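Everything numeric here is computed off the predicted structure, so don't read it as measured data. Note: hydrogens, waters and symmetry copies are ignored here, and every other heavy atom, side chains too, is used. By convention in this document, chain letters (A, B, ...) are assigned in the order of the sequence lines, proteins followed by strands, and residues within each chain are numbered from 1.
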Amino acid sequence: MKFGLSLFFQYGRHVSPAHELELRLERLRLARDCGFHTASVGDHFALERSPDGPGRLNGMLTLARVIPESGDMLLATSVLLLPLHHPVEVAEQAATLDVLSNGRFALGVGLGWRDLDFDAVGVPRHERVSRFVESIELIKRLWTEDMVTFQGKYFQLEGVSMTLKPIQHPRPPIWIGGSSMGAIRRAARLGDAWIVTAHLPIPLIQRQREVYLETLTELNKPVPPETIATRGIVIAEDHETAVRDAQRYLKGARNVFTDWGMYRELVSFGWKGEELTDATIVGGPEECIEQIAEHREKVGINHLILNTYWPGEDQTRALRAIELFGSKVLPYFREQETATEKSREVKG
Amino acid sequence: MKFGLTLSFQIEQNASPALELDLRLERLRLARDCGFRTVSWGEHFAIHRSPEGPGRLNTMLTLARIAAESGDMLLATAVLLLPLHHPVEVAEQAATLDVLTKGRFALGIGLGWRDLDFQAVGVRPSERVSRFVESLELIKRLWTEDTVTFQGKHFQLEGVSMTLKPIQRPRPPIWIGAGSLGAIRRAARLGDAWVVTSSLPIPLLERQRQVYLETLGELGKPIPPETIATRGLIIGKDHETAVRLAERYSQRGRFSDWGMYRKEIEKFGWKEEDLADPTMVGGPEECIEQIAEHREKVGINHLIFNTLAHWPGEDQGVALRAIELLGSKVLPYFREKRAVEQK
């Protein structure tokens, strides 16, 4: 079981992003020292319909910035919106991150959904799937082949070599995020792992996982060792405190996030705002352990990236939450693994 | 007089990019501690016709990586090849760098010239100037305006707001790299400062500066306080040492071989031999003289050194000694001179 920290943050108009970044660097260092495996960032253009919309930093640059503070942690995009970028640039930037981090980068990618992002770069939204598929193939080839000739519908290269190769062999892992049937099938077909969409409740993910496993079987592909997900978490010393904090933060977050349009994509699945509570892990340490174990047993999620970002929460509480998780939850799963390995040794 | 160091590098076939970066971080820290003002990074795509071609790290990501070790230094691209990127991405990445450095970023931009770079991202070289001009306008507007509507030939935006604003007000400086006449005129018209080309000797730069000043005059624009240049420099503890070091680097190809400057050769009547290698070579006093000449004759007062320590590994000692010599013998001269002038 691997755990990660989401570095993603959005900020309102009168907040200093430089200061917010410092706070998140402090949280990252603590998570690193507590044994978290992964740090991740998201990706949307910092474009909104109004100047009062949330600001956000470029994801790839943020990952590059945190390399010195990240220790041995895996650095991942979850997710880079592939159709909005040129695959040659993505291949080069991702290879750069893999080199700068000494082989600790994972490229999580998604389709994108916001009209604003597509309009901003002049990419027709209805082309996003075919661009996505072409881009993945081109990126894989640029990373792994000496010479590439590629005559795609959107991208053409004639006898070129990408001379900055990633460090990882054969290449960094490519995780594919997706909620629609098509996206899940593509994750099975083209990706090294599937990233489960955040905010969705377990029963819905179970149905998605069935499609994922069926597709793997049809393609005669083994089930990948990891399935990744980002989940919100509100952890406190005990149940009462956690519930109280959750009521305060989740309501505030739901309002802020809804204003910021974060859930529009999920409405298409018939999802309602109140279910955010269902999809967030809330409780004291033992409850959190139970809920995390449930995620693993029911939907195979064994690489859990935690979103501890709650508007209105202060740094002290955020650090305490990471510490609690690191001291009470992480060791449980670590001991479980050690026990499992030992019993395997005995049997073998 | 401000001084900087350019640290971008090509990664040769068997070199370790991680080791090469570490060596340059060591140079950065020394330069920072010696009082250098600026560190710059250039750009080309890591795309070649052969797998044996040199590799390169992405410019913006590498600047983000080194930001934490740069102290109070200015971080600059010199230069980012604007037509190869989408201006929304450039605006966003540059604003991010300005935030990551707490307001210590300068966006140096150029047109690009290598066909392969254009092919790699499917941009027509014939469109590079119009893309450049449109991109520049769009970036300025995204940085400084609340809501932007832009109907260009290449880029269109309808009522959008870039909510990530840079820290510097009104915005980070935009330097325009220019070695051709058209580009110099654009640098005067559209940029906050001109980045003088590194590949031409002073006599030819003097002619270019005239064009620059004339254009500013025509437009009724004041002369910007800074003119930037990246120049090759080989400094030794004395003349003989410097000349010996220079012999190791004397095999640089001439830019004229690559077809650049044809217009200038025609218009100004330049000859092949005029395009001499402009690298500064000498002991500390000679370097001071040559630097002062750059300032007097071309107005260059923000000088970014390329210490030409290209070869992996072995030249770290040379590079560090050069930075030390500059820091102890050259930078103080100009600092003291300025103090005297102010009094």
Side-chain angles (χ1 to χ4, degrees), chain A residues 10-11 13 16-18 21 45-58 60-69 84-86 88-89 91-97 99-103 116 119-122 142 145-147 154-165 167, chain B residues 10-11 13 17-18 21 45-69 84-86 88-89 91-93 95-103 116 119-122 142 145-147 154-165 167:
Chain A
Q10 301 191 125
Y11 56 93
R13 199 165 190 178
S16 153
L21 183 67
F45 288 133
L47 291 177
E48 298 290 331
R49 287 275 171 226
S50 145
D52 295 317
R56 55 188 84 82
L57 297 178
N58 176 272
M60 299 287 266
L61 262 68
T62 302
L63 281 184
R65 169 60 188 86
V66 307
I67 286 172
E69 274 102 339
L84 303 177
H85 305 280
H86 196 287
V88 167
E89 293 210 59
E92 192 201 62
Q93 289 182 5
T96 296
L97 275 174
V99 165
L100 292 178
S101 66
N102 219 13
L116 184 46
D119 292 344
V121 287
L142 285 167
E145 295 175 17
D146 267 354
M147 297 292 290
Y154 305 102
F155 311 111
Q156 299 82 31
L157 290 180
E158 189 68 44
V160 298
S161 187
M162 178 155 277
T163 47
L164 178 74
K165 290 288 193 272
I167 288 211
Chain B
Q10 297 193 137
I11 304 155
Q13 254 292 289
L21 182 66
F45 284 135
I47 293 277
H48 284 268
R49 288 274 172 229
S50 141
E52 271 101 49
R56 299 189 73 109
L57 297 173
N58 175 270
T59 301
M60 300 297 263
L61 289 179
T62 308
L63 283 175
R65 166 63 185 87
I66 74 176
E69 277 150 288
L84 302 178
H85 305 283
H86 195 288
V88 164
E89 295 211 54
E92 192 195 69
Q93 291 193 345
T96 298
L97 268 176
D98 201 52
V99 167
L100 293 180
T101 58
K102 298 200 179 72
L116 202 39
Q119 277 170 41
V121 286
L142 284 168
E145 295 175 18
D146 266 358
T147 307
H154 305 287
F155 312 110
Q156 299 83 32
L157 289 182
E158 190 69 45
V160 296
S161 191
M162 179 156 276
T163 47
L164 164 68
K165 289 288 193 270
I167 287 204

Contact origin within B:I47 toward chain A - heavy atom pairs under 4.5 Å:
both
B:H154 versus chain A, the contacting section by heavy-atom distance below 4.5 Å:
neither
Cut-off 4.5 Å, heavy atoms of chain A, and the answer for B:L164 is both
Less than 4.5 Å to any heavy atom of chain B: does that hold for the side chain of A:D119, its backbone, both, or neither?
backbone
Please classify the contact between A:L47 and chain B as side chain, backbone, both or neither, with a heavy-atom cut-off of under 4.5 Å.
both
Region of A:I67 in contact with chain B, defined by heavy-atom distances below 4.5 Å
side chain
Please state whether the side chain, the backbone, both or neither of A:L21 comes within less than 4.5 Å of a heavy atom of chain B.
side chain
Checking B:S50 against chain A: side chain, backbone, both or neither under 4.5 Å from a heavy atom?
backbone
Applying a strict 4.5 Å limit to non-hydrogen atoms, the region of A:E89 in contact with chain B is side chain
Sort out for me which of B:A120, B:G55, B:S161 touches chain A most, counting heavy-atom pairs under 4.5 Å.
B:S161
Option that, when pairs with chain B are counted at under 4.5 Å, heavy atom only, ranks first among A:A95, A:G122, A:P17, A:P68
A:P68
Highest number of heavy-atom pairs under 4.5 Å with chain B: which of A:S16, A:A18, A:A46, A:A64?
A:A46
Looking only at heavy atoms and a cut-off of under 4.5 Å, which of A:E158, A:Q156, A:M147 has the most pairs with chain B?
A:M147
Quick check for you: among B:G103, B:G159, B:G122, which has the greatest number of heavy-atom pairs under 4.5 Å with chain A?
B:G159
So for A:M162, is it side chain, backbone, both, or neither that comes closer than 4.5 Å to the heavy atoms of chain B?
both
Pick one of side chain, backbone, both or neither for B:T62, based on which atoms fall under 4.5 Å of a heavy atom in chain A.
both
Top contributor to chain B contacts, counting heavy-atom pairs under 4.5 Å, from A:M60, A:R49, A:E92, A:H85:
A:E92
Per-residue contact mode, B:L63 against chain A (heavy atom under 4.5 angstrom):
neither
Atom group of A:I167 that falls short of 4.5 Å from chain B, counting heavy atoms:
neither
So which of B:E52, B:M60, B:Q119 has the biggest tally of heavy-atom pairs under 4.5 Å with chain A?
B:M60
Residue list, side chain to side chain donor-acceptor pair (under 3.5 Å) with B:R56, at least two apart or on another chain:
none
Is it the backbone or the side chain of B:I66 that comes under 4.5 Å from a heavy atom of chain A, or both, or neither?
neither
Contact origin within B:I11 toward chain A - heavy atom pairs under 4.5 Å
side chain
Is B:V88 close to chain A through its backbone or its side chain, or both, or neither, when contacts mean heavy atoms under 4.5 Å?
side chain
Which of the residues B:V121, B:L157, B:T147, B:V160 is involved in the greatest number of heavy-atom pairs with chain A at under 4.5 angstrom?
B:V121
Contact part of B:Q93 toward chain A, heavy-atom cut-off under 4.5 Å: side chain, backbone, both or neither?
both
